[in-house]
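Please read the structure below before turning to the comments.
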Amino acid sequence: MKALKSLSYTIFFENCLNELVHFLSENAYSKVLVLVDSNTEKYCLPILQEHLGAAFQFDVIEVDAGEENKNIDFCIGIWKMMIDFGADRNTLLINLGGGVVTDMGSFAASTFKRGIDFVQIPTTLLSQVDASVGGKTGIDMDHVKNIIGTFSQPKAVFIDPVFLKTLDERQLYSGFAEMIKHGLIYDRGLFNQLKDLKPYEITSEIIYQSIQIKNEVVMADPFEKGIRKILNFGHTIGHALESYSLENDKNPLLHGEAIAIGFICEAYLSFKQNSLPQNELLEISSLLNLMYPKYSFNEKCFPDLLSIMKNDKKNSLNRINFSLLSSIGHCEIDKFCTDDEIFESLNYYLNS
Ligand code: GLY
């Protein structure tokens with residue numbers, strides 16, 4: 001097991017569920033609740049139960065799986081269940097799941113009775129390398145991702161790659177995109193290693209490297225006033241596509257699939273605006289086009305995508321805020337692009 005110091009808590013990594021037992025023994029919580037979704041209830045809760053044994057009693061709150069359910073209605077459902085289970089201020093919420101469970105569960109916990117303790121047990125690659133670290137909580141509203149939320153730190157994070165065995169390939173590819181992002185914005189060496197791998201070949205070591213990058217960035221800037229914005233690379237256009245797809249497609253894009261398209265578009269903007277060398281743009285777009293299925297949309301959707309981007313919480317003074325690469329491994333913040341440049345970047349994706 002490895003342990004990484006984060007802001008006010010520790011991230012325990014690999015073979016760490018016994019550490020949760022230790023955490024529960026040390027903290028006399030009046031009640032323990034476990035938030036799961038329909039998938040983690042089936043595949044991950046038994047693993048947790050096995051580790052906790054009979055000594056620790058808990059009640060389970062279940063929500064439907066899927067980003068379309070990360071909203072205030074489900075959040076109200078969680079609060080009502082907390083009340084029904086008699087949760088008081090000394091209750092602990094364990095979020096056992098992917099980004100939807102960790103984001104929404106931590107939002108529900110951070111606002112219930114002005115805030116109760118919570119811990120994260122991320123079970124998807126995406127939530128292990130990104131969502132569970134850094135204290136961002138949130139829900140979506142009116143198709144805008146994470147527009148309602150708080151910065152609230154967990155009491156601990158337990159990241160165990162054992163849970164990744166429960167994921168299908170599409171989910172693994174989705175999480176892999178956030179790892180690629182860490183390479184693109186921060187570490188050319190990590191990008192080079194990932195380029196030659198398939199998501200099901202990744203080792204614990206490389207997952208840990210990715211978590212270390214995420215943790216280093218959030219420790220430097222917990223409230224996203226500066227450097228943390230580099231983590232948003234690909235997410236301005238990526239989030240717009242994800243919201244658009246959630247609204248319009250029967251089988252919507254997963255987060256990682258949407259941001260992979262965002263990486264290509266924003267790499268194009270980086271080339272146009274921020275001196276990203278053309279050979280690096282091609283390196284990024286050819287890799288991602290090979291790795292992720294082509295998403296089919298056309299110019300008719302561009303105005304809808306733009307209007308979603310204009311609602312992005314990262315904007316200021318009505319300008320759409322981007323974080324753009326200057327080379328693979330380096331990212332710069334607070335860059336602004338015109339509507340025409342954004343349309344050009346979407347066309348670049350479609351024709352690449
Ligand atoms: N997911 C980006 C961040 O935590 O800042």
Side-chain angles (χ1 to χ4, degrees), residues 4-9 11 67 70 95 97-107 109-110 118-120 122-140 144-154 157 159 171 174-187 190 207-243 253-263 266 309 312-316 320-325 331-335:
L4 195 57
K5 279 276 157 235
S6 192
L7 294 161
S8 52
Y9 57 94
I11 301 166
E67 184 72 31
K70 199 174 105 179
N95 297 314
V100 172
V101 166
T102 57
D103 283 6
M104 183 159 64
S106 49
F107 176 69
S110 71
F118 63 93
V119 298
Q120 310 283 42
T123 58
T124 60
L125 185 57
L126 187 87
S127 57
Q128 295 198 344
V129 299
D130 185 30
S132 66
V133 175
K136 279 188 180 175
T137 83
I139 52 173
D140 308 336
V144 185
K145 294 253 315 167
N146 303 322
I147 193 166
I148 308 295
T150 61
F151 281 104
S152 305
Q153 304 305 330
V157 180
I159 301 181
Q171 286 286 346
S174 179
F176 200 61
E178 290 287 4
M179 296 176 71
I180 291 175
K181 180 192 77 182
H182 291 154
L184 286 172
I185 60 173
Y186 207 74
D187 186 343
L190 175 64
I207 296 174
Y208 189 65
Q209 242 177 287
S210 191
I211 295 166
Q212 278 176 307
I213 291 176
K214 169 84 198 249
N215 191 45
E216 213 169 296
V217 174
V218 300
M219 295 255 293
D221 176 22
F223 296 108
E224 201 174 286
K225 300 284 184 219
I227 190 182
R228 186 169 180 167
K229 293 182 190 176
I230 65 173
L231 296 169
N232 296 329
F233 172 68
H235 282 63
T236 304
I237 293 179
H239 270 166
L241 282 159
E242 187 181 0
S243 302
L253 288 170
L254 296 181
H255 178 71
E257 295 166 340
I259 58 163
I261 305 169
F263 297 160
E266 295 184 24
M309 285 177 226
D312 194 296
K313 64 194 172 308
K314 302 187 289 291
N315 299 340
S316 63
I320 302 175
N321 189 308
F322 288 92
S323 301
L324 297 179
L325 303 178
C331 189
E332 293 173 359
I333 62 169
D334 294 332
K335 303 285 170 184

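Read the numbers this way: they start at 1 and go in the same order the structure lists the ligands and their atoms. All values below come from the heavy atoms of this structure, side chains included, with hydrogens, waters and symmetry mates left out.
Taking any N or O of Asn232, backbone or side chain, none lies under 3.5 Å from an N or O belonging to ligand 1. Considering backbone and side-chain N/O atoms, Lys181 never comes within less than 3.5 Å of an N/O atom of ligand 1.
At a heavy-atom cutoff of 4.0 Å, ligand 1 is contacted by the side chain of Lys214 but not by its backbone. Neither the backbone nor the side chain of Val218 comes within 4.0 Å of ligand 1, counting heavy atoms alone.
The aromatic rings of Phe233 and Phe263 lie parallel to each other, their planes meeting at an angle below 30°, with 60° marking the opposite boundary.
Residue-ligand proximity, Glu224 to ligand 1, at heavy-atom distances under 4.0 Å covers atoms 5 (O). Near Lys136, meaning under 4.0 Å from one of its heavy atoms, ligand 1 places the atoms 2 (C), 3 (C), 4 (O), 5 (O).
Annotation: atom 1 (N) of ligand 1 to nearest protein heavy atom, Asp130 OD1, 3.0 Å.
A salt bridge is absent between Lys136 and Asp103; no separation between the charged side-chain nitrogens and carboxylate oxygens falls under 4.0 Å.
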Steps toward side-chain contact (heavy atoms from CB on, under 4.5 Å) verdict (Gln171, Leu254) = CA-CA 8 Å; Gln171 286 286 346; Leu254 296 181; 4.2 Å; yes
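Proximity of Glu242 to Glu257: side-chain heavy atoms (C-beta onward) are nowhere separated by under 4.5 Å. Looking only at side-chain heavy atoms (C-beta outward), Lys145 and Glu67 come within less than 4.5 Å of each other.
For Ser6 (side chain) and Tyr9 (main-chain N/O), no donor-acceptor pair under 3.5 Å exists by modelled atom type.
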